[in-house]
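Let me begin by presenting the structure, written as C-alpha cells, before commenting on it.
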Number of protein chains: 2
Amino acid sequence: MTFAYKYPRPATTVDCIVFGLDEDELKILLIQRALPPFESHWAIPGGYVNIDESLEKAALRELEEETGIGNVFLEQLYTFGDLGRDPRGRTITVSYYALVNLFDHIPHADSDAKNAGWFSIDNIPPLAFDHNKIIDTAIARLQGKIVYEPIGFELLPKKFTLLRLQKLYEIILCKKLDKRNFQKKILRMDILTQLDEIQKDVSHRAARLFQFNHERYLELKKGGFVFEL
Amino acid sequence: MTFAYKYPRPATTVDCIVFGLDEDELKILLIQRALPPFESHWAIPGGYVNIDESLEKAALRELEEETGIGNVFLEQLYTFGDLGRDPRGRTITVSYYALVNLFDHIPHADSDAKNAGWFSIDNIPPLAFDHNKIIDTAIARLQGKIVYEPIGFELLPKKFTLLRLQKLYEIILCKKLDKRNFQKKILRMDILTQLDEIQKDVSHRAARLFQFNHERYLELKKGGFVFEL
DNA sequence: ACAAAAGTGTTTGTTGTACACCCATGC
DNA sequence: GCATGGGTGTACAACAAACACTTTTGT
C-alpha cells in the first residue's frame with residue numbers, strides 16, 4: 001500500500017538533542033545507527049513523524065523508543081530543511097532539545113540503534129546527516145536560555161547545593177563565576193527553598209541542600225519578575 | 001501525475017508574519033484568502049514548500065508572490081504541526097517572521113489573495129487556520145528579541161531620530177521609557193552614527209538623524225559586547 | 001506668542017564586581 | 001593536622017531611575 005499526492009512532499013522527521021550534566025562536563029546523548037544511511041555513524045535520536053501524532057508527541061515517542069527516556073523537559077529548537085540533508089530524499093526535521101538528569105539515565109540502545117552513550121560537547125564525533133550543525137544550534141540556544149529562564153534545574157537532581165548550581169552555569173557558559181556574588185544573586189531572587197538537609201557522603205563539610213520552587217517562580221513571574229543571571 | 005510514498009506524509013507549508021511599524025502602532029500584514037479553505041478569511045501569507053527549495057527560500061518566495069515584498073529581515077519563528085490545524089489534511093507549517101519598513105510597502109493583493117492590508121496587532125480579526133496563535137507567538141518573540149538584539153532598526157528607515165527609535169521600543173514593549181535615560185543608554189553603546197543631517201518638514205525644531213552602524217556592531221560583538229536595552 | 005518637540009545634568013539608590021578569611025567535617 | 005569545600009561581609013564602581021528646564025523652529 002502506498003500514499004499518493006498530487007505534488008511531491010518532503011518527509012518529516014523529529015530529532016532530539018538530550019543534554020545531561022556530568023560532574024564537570026555538559027554532555028549529549030547519542031545513538032549509533034544500526035541501519036543505513038549512515039550505518040554505524042553516531043547521531044542524535046530521532047525518526048519519522050507519524051501522520052496522527054503531533055510534533056512534540058513524535059519527539060517524545062522517539063526519545064522513549066530509542067533511549068528509554070521519558071518525562072523530561074522538552075522544547076522545540078529549530079527546523080532544518082535544506083536540500084540534500086538526507087540522502088534518502090528531501091526531508092525536513094523539526095528538532096527538539098531535552099534537559100535531563102544524566103545520572104537518572106543510563107543509556108541503552110533500543111530500536112534502530114546498536115549503541116548509545118553520553119558524549120562531552122567538547123568531543124562530539126562527526127555525526128550522521130547535519131546533526132553536528134543541529135547540536136551547535138542547540139548549544140547556542142541552551143547558553144542563551146539558561147541566563148534568562150530557570151531551566152538549568154532540569155539538569156540537576158531535585159535537591160542540590162548552591163555550588164553545584166554554580167558549576168552548572170560555569171560549565172554551560174564556559175566562564176568562572178564568583179561564589180559569593182553568585183549566591184547573593186540567586187538567593188535574592190527568592191526562588192530556591194532552603195531545605196533542612198545537608199549533603200551526605202562527602203569528605204568535607206557538608207553543604208546545605210536547596211530545591212527550586214517552581215510555584216514561587218510562577219507567582220513572581222506573574223508579578224513581572226524575570227529570572228536573569 | 002502523482003507522487004507515491006510508502007507511508008503517509010504531512011504536507012509542509014511556510015507562513016510569514018510581516019511586522020511593520022506605523023506612526024503609533026505595530027502592525028502585521030495580512031491577506032484575504034481568495035480560495036478555500038477559509039475563503040475570504042484573513043490570514044498570514046504563506047503556502048506550500050516546493051520540493052526543490054529550502055524552507056527559507058520558500059518563505060521568501062511566498063512573501064514575494066503574495067505581497068510583493070522582498071529583501072527583508074527574515075528569521076525562523078516556530079514550527080506548528082498539531083493535528084487538525086488544516087482541514088485539508090495533516091499539515092505542518094514552518095513559520096517565519098519578517099521586519100520591514102511599513103512605509104516602503106503598500107500592500108497589494110497578488111496570487112491567491114483578494115486583498116491585503118496592514119492590521120494593528122491590537123485589532124487582529126479571527127484568522128484562518130491557527131494563524132492567531134502563530135501571531136501571538138511572533139509578537140512574544142519580537143518583544144523578547146528586540147531587547148537583546150539590535151533588530152528594531154529593520155522596522156525603521158535608514159535614517160531616524162532618537163525619539164522615533166524610543167517610540168519603537170515603547171510601542172513594541174508596551175511601556176513608557178524615559179527620554180534622557182534612553183538616549184544615554186543607546187548612545188553609550190556606540191552603535192549609532194550621528195549624521196550631519198536633521199529632520200525635514202516638521203512643524204517644530206528638527207531633530208538630528210542617526211543611522212545604525214552595523215559594521216561597528218559586529219566589531220563590538222566580536223569583542224564580547226552584547227546589545228541590551 | 002504659542003505649540004511642539006529637541007536637547008541637556010544631576011542626584012540617589014541599587015546592583016555588579018572584586019576580594020580574603022575563618023569554619024566544619026572527614027580522613 | 002590537613003585537605004576540602006562551606007559559609008560569610010565590605011568597599012568601590014557602574015548603572016538605573018527619577019526628575020525639570022531652556023532652546024529651537026514653524027505656524
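Just so it is clear: chains get the letters A, B, ... in the order the sequence lines come, proteins before strands, and each one is counted from 1. All values below come from the heavy atoms of this structure, side chains included, with hydrogens, waters and symmetry mates left out.
- Taking the six-membered ring for Trp and thresholds of 30 and 60 degrees, His131(B) and Phe129(B) have ring planes inclined between 30 and 60 degrees apart.
- One interatomic measurement links the two molecules: CE of Met189(A) to C1' of dG16(C), which rounds to 13 Å at whole-angstrom precision.
- To the nearest angstrom, C1' of dG26(C) lies 13 Å from CD of Gln199(A).
- For dG16(C), one of the phosphate oxygens OP1 or OP2 lies less than 4.0 angstrom from a side-chain nitrogen or oxygen of Arg188(A).
- Between dA4(C), dG7(C), dC19(C), one nucleotide has an atom nearer to the side chain of Asp178(A) than all others, and that is dC19(C).
- Ring centroid separation for the pair Phe160(A) and Phe153(A) comes in under the 6.0 Å cut-off.
- As a whole-Å value, the separation of Leu229(B) CG from dA16(D) C1' is 12 Å.
- Nearest-nucleotide mapping onto DNA chain C: of Ala206(A) and Ser203(B), the residue sitting toward the 5' end is Ser203(B).
- When each of dG5(D), dA5(C), dA18(C) is scored by its nearest atom to the side-chain atoms of Lys184(A), the top-ranked nucleotide is dA18(C).
- No side-chain donor-acceptor contact under 3.5 Å links Tyr96(B) and Glu75(B).
- The distance from atom NZ of Lys167(B) to atom C1' of dA6(C) is 12 Å, rounded to the nearest whole Å.
- Between Phe225(B) and Phe227(B), the gap from one ring centroid to the other reaches at least 6.0 Å.
- Contact annotation for Lys185(B): backbone-only contact, meaning every heavy-atom pair under 4.0 Å involves sugar-phosphate atoms and none involves a base.
- For dT25(C), its base never sits under 3.5 Å from the side chain of Lys200(A) at any donor and acceptor pair.
- In this structure, Ile134(B) and Thr93(B) have side chains that are in contact, with non-hydrogen atoms separated by less than 4.5 Å.
- For Lys179(B) against dG7(C), a side-chain-to-base donor-acceptor contact under 3.5 Å is present.
- Taking atom CG of Asn181(B) as the reference point, atom P of dA20(D) lies 13 Å away to the nearest angstrom.
- Arg180(A) comes within 4.0 angstrom of a base, heavy atoms only.
- The separation between Lys176(A) atom NZ and dA18(C) atom C1' is 15 Å, rounded to whole Å.
- Residue Leu162(B) is classed as having no contact, given no heavy-atom separation below 4.0 Å to the nucleic acid.
- Taking atom CD of Gln183(A) as the reference point, atom C1' of dC19(C) lies 15 Å away to the nearest angstrom.
- Atom P of nucleotide dG7(D) and atom CZ of Phe182(A) are separated by 14 Å, given to the nearest angstrom.
- Taking the side chain of Leu163(B) as heavy atoms from C-beta on, and the options dG7(C), dG5(D), dA5(C), the nearest nucleotide is dA5(C).
- Using a 4.0 Å cut-off, no side-chain N or O of Arg205(A) falls inside it from OP1 or OP2 of dC22(C).
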